[in-house]
There are 2 protein chains.
Amino acid sequence: MSETAGGKHRQRSYVSALQVAERAGVSRSAVSRTFTEGASVSAATRKRVIEAAEALGYHVNHLARGLIQDRSNIVSLVATDLNTPYQAGLIHALTSRLQRAGKVAMVINTSGQTQSVEKALRQTLEYRADATVVLSGQPPGSLIQTCLTNGQHVIMLNRDDAVPGPDRLMVTNRAAAREAFLHLQAAGCRQIALVASEVGTASVVAREEAFVAAAAEAGTTVQVAHFGPTTYASGRALGRQMLARPQRPDGVFCVTDLLACGFMDAARSEFGLSIPDDLCVIGFDDIEQAGWSSFDLTTFRQPIDQIAARIISLLDEPPPPGTQREPIAFPAELIWRRSVRGTRR
Amino acid sequence: MSETAGGKHRQRSYVSALQVAERAGVSRSAVSRTFTEGASVSAATRKRVIEAAEALGYHVNHLARGLIQDRSNIVSLVATDLNTPYQAGLIHALTSRLQRAGKVAMVINTSGQTQSVEKALRQTLEYRADATVVLSGQPPGSLIQTCLTNGQHVIMLNRDDAVPGPDRLMVTNRAAAREAFLHLQAAGCRQIALVASEVGTASVVAREEAFVAAAAEAGTTVQVAHFGPTTYASGRALGRQMLARPQRPDGVFCVTDLLACGFMDAARSEFGLSIPDDLCVIGFDDIEQAGWSSFDLTTFRQPIDQIAARIISLLDEPPPPGTQREPIAFPAELIWRRSVRGTRR
DNA sequence: TCCAGCATTGCACCCGCGTGCAAATCTGTC
DNA sequence: GACAGATTTGCACGCGGGTGCAATGCTGGA
């Protein structure tokens with residue numbers, strides 16, 4: 001049992017299938033088959049193998065397994081600003097569902113400088129991830145293309161890059177934005193405004209466009225303001241700036257809850273306004289804080305759990321080689337709270 | 001160049017080093033050496049290899065590389081409640097630093113049922129992660145032990161399990177908790193209380209113990225309340241319950257900012273109390289929301305960036321085989337805002 | 001008892017790549 | 001031009017494990 005292979009002290013820490021085979025008195029193939037689903041092993045040898053494996057603390061080496069089979073069971077999650085409530089919620093939902101499905105999540109944070117992003121994205125390829133899920137950020141289209149040509153399953157959430165190939169999921173941004181306008185109007189707001197960041201994410205742009213279009217259809221115009229990244233601080237800065245205008249907004253649609261929270265805080269702490277009496281606010285995402293009583297924000301919910309579930313199920317439906325699948329749409333439900341006057345319709 | 005291997009359509013999607021070698025007119029070893037740091041290749045062949053590699057879209061297969069070398073460059077991050085601001089902040093800081101260091105993060109979410117957690121933890125071993133970083137959650141000690149005996153570098157944050165071996169980092173919970181008590185006392189609070197969840201995390205327990213001890217040393221006692229998980233909702237429920245007591249607390253230390261936010265919201269929206277006039281609140285963690293003007297919460301900051309940086313640097317300092325290293329302590333700095341009467345000392 | 005039919009098993013090869021070793025090439029000096 | 005030494009290169013092996021193929025063992029029916 002203890003064979004000192006040579007002079008070099010053999011520090012190899014992990015147990016290999018060969019060692020298990022020797023201990024169980026079977027061939028290495030038998031060990032391999034024991035841990036391969038659907039392989040042919042008798043109950044007797046399987047039992048002996050498993051006992052030996054447990055005694056030795058054996059764990060199949062997925063690196064080696066992934067080398068042979070064409071699947072590594074690694075799914076890479078690409079996102080920016082993981083510390084944001086919305087992104088964090090997505091990562092949470094996805095990681096927990098992924099591991100329930102026996103897969104493993106590799107998280108790529110694209111918040112850093114572009115160079116590091118490319119490097120990270122490349123890791124996805126280097127580790128032969130089965131799929132890449134893009135949740136946010138602006139990974140260069142060329143890299144996405146590389147993922148595709150290497151046979152990866154690419155899934156994109158709420159972004160409509162022109163590259164054909166990826167599966168796409170999106171929430172009904174446009175319909176929601178129209179609805180937001182109508183509600184603000186119905187609440188009697190006279191100076192309606194749109195609050196957005198300077199980041200041109202697909203979904204944010206869609207919300208803005210649809211909101212402005214809805215106003216135009218209603219024969220009105222709305223104030224539009226952009227500032228900085230999509231954060232609480234930006235919302236706050238926008239509030240400070242916009243609420244000081246002569247034509248002070250009394251109804252705003254913030255393209256993100258985080259912006260809305262900042263805007264509300266500016267309204268209350270810097271202008272002493274009361275919500276919804278002096279100012280109605282509608283957000284988007286329904287992050288946890290929107291439900292906190294300090295905000296009680298009426299907002300559109302992104303059905304994170306459903307989205308995550310669908311992404312997981314997509315992983316089992318490899319995309320047909322040549323064709324492009326239609327985007328999958330999820331309705332963004334309006335969660336009616338107290339930041340808008342009046343009651344639900 | 002185009003040799004159809006046989007009848008089977010060769011759908012293999014990734015480019016291998018062999019293909020690059022053929023195209024560059026060199027041996028496969030040359031390709032390997034080109035992408036291996038410190039290997040001996042002439043500038044000329046390196047150039048030809050790199051050109052061929054780019055033309056073909058070659059990416060080194062890290063699964064295969066990890067098979068040979070004893071490092072996979074994978075670091076697994078184990079955490080619960082990733083959607084929590086504090087955890088999300090940690091994951092954010094760690095993933096971005098990891099990829100800057102050329103490593104890759106595998107995220108294991110231990111929020112699900114124990115069974116799935118064990119499965120996930122096992123993945124860490126199956127993918128031969130170089131290190132496992134435990135940020136939260138209660139992974140079974142036996143699995144941690146398995147990680148250790150297989151030569152993994154285990155790093156634990158803010159938890160003092162009895163298992164020897166892992167590197168440990170922690171913030172100065174006890175000193176902070178004492179400080180919290182003294183500040184509440186200095187602010188003139190007469191009915192001081194401790195608000196905690198029912199989850200017995202090491203750091204939460206330490207904060208509670210030290211707070212109670214500080215009160216005892218001062219010849220007083222404090223009310224102590226526990227409820228549910230460590231969430232906003234629990235804080236809110238505790239607020240609703242405790243503030244209705246005949247001896248209503250006028251100064252509370254919440255072991256977590258999330259609890260504090262919930263408690264504050266209960267105080268204001270359900271009891272009409274004003275903070276800090278009627279009630280002083282101190283939290284812990286300094287999550288982003290603590291700085292929002294709706295809360296303006298005086299709290300202890302966990303130096304997330306420093307912690308993350310230290311964890312990354314630890315990865316390059318493999319632990320000495322037999323010995324146990326001393327825990328690394330980080331001071332939790334008090335961030336003075338407006339939820340406590342008076343000014344900084 | 002004999003033999004067809006099926007479940008198991010072991011052998012050998014391969015996945016993609018790093019690396020020791022020896023052969024081949026290059027460099028510089030006399 | 002010759003030759004010792006330094007690079008560079010290719011060959012071959014092995015990392016750990018899946019799997020086709022043929023050999024083996026087992027079952028059951030005639």
Next on the checklist: If we check side chain to side chain contact (heavy atoms under 4.5 Å, CB included) with C147(B), which of these qualifies: V134(B), V78(B), T132(B)?
Outcome noted: T132(B)

Next on the checklist: Looking at R65(A), I'd like to know whether one of its side-chain N or O atoms comes within less than 4.0 Å of OP1 or OP2 on dG17(D).
Outcome noted: no

Item to check | S313(B) side chain to R310(B) side chain, donor-acceptor N/O pair below 3.5 angstrom | outcome: yes

Item to check | Short side-chain donor-acceptor distance under 3.5 Å, R33(B) and T36(B) | outcome: no

Checklist entry - Rounded to the Å, how far apart are Q19(B) CD and dG16(C) P? => result 8 Å

Next on the checklist: Taking 4.0 Å as the cut-off, does a side-chain nitrogen or oxygen of Y127(B) come that near to OP1 or OP2 on dG16(D)?
Outcome noted: no

Checklist entry - Is any side-chain N or O of S29(A) under 3.5 Å from a base N or O of dC11(C), one able to act as donor and the other as acceptor? => result yes

Next on the checklist: Between R28(A) (side chain only) and A21(A) (backbone N and O only), is there a donor and an acceptor less than 3.5 Å apart?
Outcome noted: no

Item to check | Interatomic distance, L63(A) CG vs dG16(D) P [rounded to whole Å] | outcome: 11 Å

Checklist entry - Taking CD from E126(B) and C1' from dG18(D), how many angstroms apart are they, rounded to a whole number? => result 16 Å

Checklist entry - Between the side chains of H153(A) and D130(A), does any donor sit under 3.5 Å from an acceptor? => result no

Return the polar atom pairs (N/O with N/O) between nucleotides 4-8 of chain C and the protein under 3.5 Å, or none.
none

Next on the checklist: Between the opening five pairs and the closing five pairs of the helix from dT1(C)-dA30(D) to dC30(C)-dG1(D), how far apart are the helix axes, to 10°?
Outcome noted: 40°

Next on the checklist: Between D167(A) and I155(A) (side chain of the first, backbone of the second, donor and acceptor by atom type, cut-off under 3.5 Å), is there such a pair?
Outcome noted: no

Next on the checklist: Nearest to the side chain of I68(B), heavy atoms from C-beta on, is which of dG14(D), dG10(C), dG17(D)?
Outcome noted: dG14(D)

Next on the checklist: Without decimals, in angstroms, what is the distance between N150(A) CG and dG16(C) P?
Outcome noted: 13 Å

Item to check | Atom-to-atom span, CG of L67(B) to C1' of dT19(C) - whole angstrom | outcome: 14 Å

Checklist entry - In this structure, are over 12 heavy atoms from other groups packed under 6.0 Å from R325(B) atom CZ? => result yes

Next on the checklist: Please report the distance, rounded to the nearest Å, between CD in Q69(A) and C1' in dC14(C).
Outcome noted: 14 Å

Checklist entry - Can you tell me if T80(A) and S111(A) form a side-chain donor-acceptor pair at under 3.5 Å? => result no

Next on the checklist: So S16(A), base contact, sugar-phosphate only, or nothing? Heavy-atom distance under 4.0 Å.
Outcome noted: sugar-phosphate

Checklist entry - Does R28(A) make a side-chain donor-acceptor contact with the base of dG17(D), cut-off 3.5 Å? => result yes

Checklist entry - N158(B) and S203(B): side-chain donor and acceptor closer than 3.5 Å? => result no

Checklist entry - Within 45° of the axis and under 6.0 Å from the centre of the six-membered ring of Y14(A), does NZ or CZ of R128(B) qualify? => result yes

Next on the checklist: Just the rounded figure in Å: distance from P of dC17(C) to CZ of R71(B).
Outcome noted: 19 Å

Next on the checklist: Distance criterion of 3.5 Å, no angle test: do you see the side chain of R33(A) paired donor-to-acceptor with the base of dG10(C)?
Outcome noted: yes

Checklist entry - Looking at S32(A), does any N or O in its side chain come under 4.0 Å of the phosphate oxygens OP1/OP2 on dG17(D)? => result no

Next on the checklist: In whole Å, I'd like the distance from the CD atom of E37(B) to the P atom of dT19(C).
Outcome noted: 12 Å

Next on the checklist: Between Y14(A) and dG17(D), is there a contact of a side-chain N or O with OP1 or OP2 at under 4.0 Å?
Outcome noted: no

